[in-house]
Amino acid sequence: MPKKKKNKGKKKKSPQKNNNETQAQEEEIQPAPETTVSTTSAAAVKDRQQTLRELSEALYKYPKRTKKEDPNYHHEFWDNQPVPRLDEDVTETGPIETKTVDQVRQQPYVLPSNFEWYCLDLTNKADLDDLYNLLSQHYVEDDDNMFRFNYSRPFLQWALMPPEFKRQWHLSVRVKSNKKLVACITAIPAKIRVHDDQVDMVEINFLCVHKKLRTKRLAPVLIKEITRRVNLEDIWQAAYTAGVVIPKPVARNQYWHRSFDPRKLVEIGFSSVPRNSTMARMIHLSRVPEEPSIPMRPMVEADAPQVCKILSEYLLRFKYTPILNTEEVKHWFLPRENVIQTYVKEEDGVITDMFSYYCLSSHVIGNDKHKLLNAVYSYYNVANTVEWSVLMENALVVARRKDDKDVFNCLNVMDNKTFLLDLKFGPGDGYLHYYLYNWKCPKMEPGDVGLVLM
Ligand code: MYA
C-alpha cells in the first residue's frame, strides 16, 4: 500500500480475486527452489498451494485500467516534455534533449497572483511542521481514500537532507496573504546508473497540491519550476516514481504485503479473510519466529565502507540503481528510530550480508478504532552468505518484534521475488511506475530495477 505508494503505489484491500488472476499470480512468481520451506511430499505441496491461494485472495485486487493508461490519451503537459510518448517503443539509450545553463530561464515561473514560491528550511521547526501538515492531510491516498501516507517529521528530514542537498530544491507554494503552505515538490541530488550509463541527476518526490487547489494545472507549474532550478545547477535528468501512468514508465513494479496483524488489517479494510479461510487461519499464517535465526546487529558508522562495498557490488546486477559513496551510505542506512533500520551480518570484522527497511505509517481514514496503519518497507538487502528467505525472515522478526509493526511491504524489485511467497507475502492491488526525465532507455522487467525511492 501505501507506499508506495501510491497511487504511489500501494495498498490495500479486498478480495474477490478471481481464479484466473490467482493462477496467473502463482505462475508469475515462483518460489526459489532452494528455500527452506521446499518439500516434495504431495501433502505438503497441496498445503502450500492452499496457503499461496489464500494469501493471494486475502490481499488486494488489481487496479482497473484508467482512461489515462490509454496510449492515445492526450497529456497536455507531458506530451510537451522530454519524455517518450506512451506508444513509443524505445530501443536507444541517452538524453532526449540537450541544453546548456545559459539557455535556462532566469526568472521563476509565474504563479497565480495570490501565491508565492517558498524554499523550505527543514532545519526550522515551523517549516518542517508546515511540510508535515500539508503532506499528512493532502499527500497520496489509495484509490478508495481509506489510507493516506503519514511521513513523520524525522522521516522527511532523512528523505530530503542527504549529503549535498539544496534548500532551493525543497520547493513549496504559500498563500501570499496568510503564508499557508498549499503545495510542494522536492528534488535531491543522486548519481544513478541506467543500463551502462552513470548520470548525475535528481530524485523528485513529494509532489503535492492542497485538495482545494486540485485540477487547476498547478502541478505542471511546480514541475517546470523544479526543473528550472535543477537545470540551473547543470543537471538535466531526474528519477521519480508514481502510481499513475504518465508518459512513459521505464518499469512497472508491484507491492507485496506480509501481514503481521491480520485482525487489525481486516478491521481497517486493508485486507480481508478470503472465502474458504478464517481469521484463525490468517493469524496462524502470519506468525513470525520469536527470535532471529542468524546473528545480525544494527549497522554502526564504522560499517559504512563495507556496507557501501557489498551493496555497490550487489547493485551491479541490476539496470536502474543508485551509485552511493560512503557518506551517502551513512546517511541512508545508519539506523534512525522509527525511520530507517539496517542490520548487518558480520564475522571476524567482515560484513557479508545486510537487510534494511524504512518505517512509514498511513492514516486510516474514518475508522473509529484504528488511526494508523504502521508499516515498514523493504529498502536495500544483500544476501551473500545466507539464503534470501533466511535473511528476510530475520528482517520480518526485527520489524515485528522490535518495531511492533502491522505489515511489512516490499516491491518486486531486485531479487525480492525469490523470497516473497516463501515468507508469505501476498500481492497488493497497486503498481508503482518508475520514470526517467529526459532520458530514454528500453523498458525494464520488475526485477531489473535496483532503486527504492520513498
Ligand atoms: S508521485 C506522488 C504524487 N502526489 C500525490 O499523488 C499526492 C496527492 N495528489 C496531489 O497532490 C495532486 O493530485 C497532484 C497533481 C499534485 C499529484 N506525477 O495540477 P493538475 C499530471 C507527474 O491539474 P492535480 C511524486 O511525488 C497530470 O498527468 N505528473 O493536477 C513524484 C496532468 O498532466 P497531463 C502528474 O491533481 C512526482 C497534470 O499533472 C502526477 O491538481 C514526479 C495535471 O495537473 C504525478 N504524480 O495535481 C513529478 N499526477 O495533462 C515529475 C498528475 O499532461 C517530475 N500529474 O496529463 C519530473 C522531473 C522534474 C525534474 C527534472 C530535472 C531535470
Side-chain angles (χ1 to χ4, degrees), residues 2-11 66-83 85-86 95-99 101 104 109 111-112 115 134-143 145 147-149 151 159-160 166 168-169 171-173 181-190 192 199-250 362 430-439 453-454:
K3 183 147 192 30
K4 290 166 157 358
K5 312 188 154 237
K6 333 198 152 232
N7 261 334
K8 228 171 178 190
K10 15 211 162 225
K11 355 198 163 201
T66 63
K67 197 175 158 201
K68 286 192 180 180
E69 290 185 61
D70 177 351
N72 298 317
Y73 184 85
H74 171 63
H75 289 275
E76 186 181 328
F77 172 66
W78 283 108
D79 286 351
N80 295 301
Q81 294 298 304
V83 294
R85 293 183 58 87
L86 279 177
I96 292 167
E97 65 177 25
T98 308
K99 286 194 204 161
V101 174
V104 179
Y109 283 88
L111 286 167
F115 299 108
L134 174 69
L135 296 175
S136 162
Q137 292 159 36
H138 303 279
Y139 199 47
V140 177
E141 298 181 5
D142 64 300
D143 287 346
N145 311 108
F147 308 99
R148 184 172 57 248
F149 283 135
Y151 287 88
L160 293 173
K166 295 187 191 316
Q168 68 265 31
W169 293 350
L171 182 61
S172 69
V173 174
L181 196 77
V182 291
C184 64
I185 188 168
T186 66
I188 56 170
I192 302 281
V199 187
D200 285 315
M201 55 176 91
V202 290
E203 291 170 4
I204 301 289
N205 207 343
F206 302 114
L207 169 62
C208 182
V209 168
H210 190 291
K211 288 181 176 181
K212 290 199 169 147
L213 296 175
R214 297 270 169 90
T215 67
K216 298 179 190 304
R217 312 299 301 182
L218 191 50
V221 185
L222 285 159
I223 295 168
K224 283 192 285 186
E225 180 58 15
I226 197 77
T227 302
R228 189 187 73 83
R229 288 168 187 239
V230 169
N231 288 166
L232 283 173
E233 302 295 327
D234 203 11
I235 294 175
W236 307 92
Q237 277 75 35
Y240 47 104
T241 57
V244 294
V245 176
I246 46 177
K248 181 191 178 181
V250 183
S362 287
Y431 289 88
L432 184 66
H433 302 92
Y434 280 82
Y435 295 93
L436 283 162
Y437 184 89
N438 193 23
W439 192 268
L453 303 180
M454 293 102 197

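Keep in mind it's a predicted model, so treat the numbers as computed, not measured. Ligands are counted one by one from 1 in listed order, and the atoms in each one are counted from 1 as well.
Between T227, T215, V202, it is T227 that holds the heavy atom closest to atom 59 (C) of ligand 1. Among N80, L207, V209, the residue whose heavy atom lies nearest to atom 11 (O) of ligand 1 is V209. Nearest to atom 55 (N) of ligand 1 by heavy atom, out of F206, W78, W236, is W78. Taking each of N438, L134, V244, N231 in turn, the one with a heavy atom nearest to atom 40 (C) of ligand 1 proves to be V244. Scanning L453, I246, L213, L436 for the heavy atom closest to atom 22 (C) of ligand 1 points to I246. When the heavy-atom distances from atom 50 (O) of ligand 1 to R217, H74, E225 are ranked, the shortest goes to R217.
The shortest N or O to N or O distance between A219 and ligand 1 is below 3.5 Å. For ligand 1, the polar-atom distance check against D79 finds no nitrogen or oxygen pair separated by under 3.5 Å.
Using cut-offs of 30° and 60° on the angle between ring planes, the pair Y139 and F206 is tilted.
Between the Y151 side chain and the M454 main chain, a donor and an acceptor come within less than 3.5 Å of each other. Side-chain atoms of E203 never come within 3.5 Å of backbone atoms of A239 as a donor-acceptor pair (strictly under, hydrogens ignored).
Annotation for K166: atom NZ counts as buried by contact number, over 12 foreign heavy atoms lying within 6.0 Å.
Heavy atoms of E141 found under 4.0 angstrom from ligand 1: none, in either backbone or side chain. Contacts between T241 and ligand 1 below 4.0 angstrom, taking non-hydrogen atoms only, involve the backbone exclusively. Only the side chain of Y437 comes within contact range of ligand 1, with a heavy atom under 4.0 Å; no backbone atom does. By the criterion of a heavy-atom distance under 4.0 Å, neither the backbone nor the side chain of M201 is placed next to ligand 1.
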Check the pair V209, H138 against side-chain contact (heavy atoms from CB on, under 4.5 Å), reporting the backbone distance first and the verdict last. CA-CA 7 Å; V209 168; H138 303 279; over 6 Å; no
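The contact set between ligand 1 and F77, taken as ligand atoms under 4.0 Å from a residue heavy atom, comprises 33 (O), 34 (P), 50 (O), 53 (O). The distance from ligand 1 to the heavy atoms of Q237 drops below 4.0 Å at these ligand atoms: 63 (C). Atoms of ligand 1 lying under 4.0 Å from any heavy atom of N205, numbered from 1 in the order shown and given with element: 26 (O). In summary, the atoms of ligand 1 found under 4.0 Å from a heavy atom of L218, numbered by their order in the structure, are 19 (O). Listed by atom number, the atoms of ligand 1 under 4.0 Å from E76 heavy atoms are 34 (P), 50 (O), 53 (O). Of all atoms in ligand 1, numbered sequentially from 1 with element shown, those under 4.0 Å from a heavy atom of C208 are 11 (O). Contact atoms of ligand 1 toward V230: 62 (C), 63 (C) (distance under 4.0 Å to a heavy atom of the residue). The contact set between ligand 1 and A238, taken as ligand atoms under 4.0 Å from a residue heavy atom, comprises 58 (C), 60 (C), 61 (C), 62 (C).
Nearest heavy-atom pair, L432 versus G243, reported as atom, atom and distance to 0.1 Å: CD1-N, 4.3 Å.
Aromatic ring centres of H75 and Y73 lie closer together than 6.0 Å.
Under the rule for a side-chain contact (heavy atoms from CB on, under 4.5 Å), the partners of P189 that lie at least two apart in sequence or sit in another chain are E164, W169.
With contacts defined as side-chain heavy-atom distances shorter than 4.5 Å, the pair V199/W439 qualifies.
A distance of 8.5 Å separates CD1 in I96 from CD in Q237, rounded to the nearest 0.5 Å.
Counting only residues at least two apart or on different chains, the salt bridge (Lys or Arg N to Asp or Glu O under 4.0 Å) pairs with a member in residues 207-223 are E141-K211.
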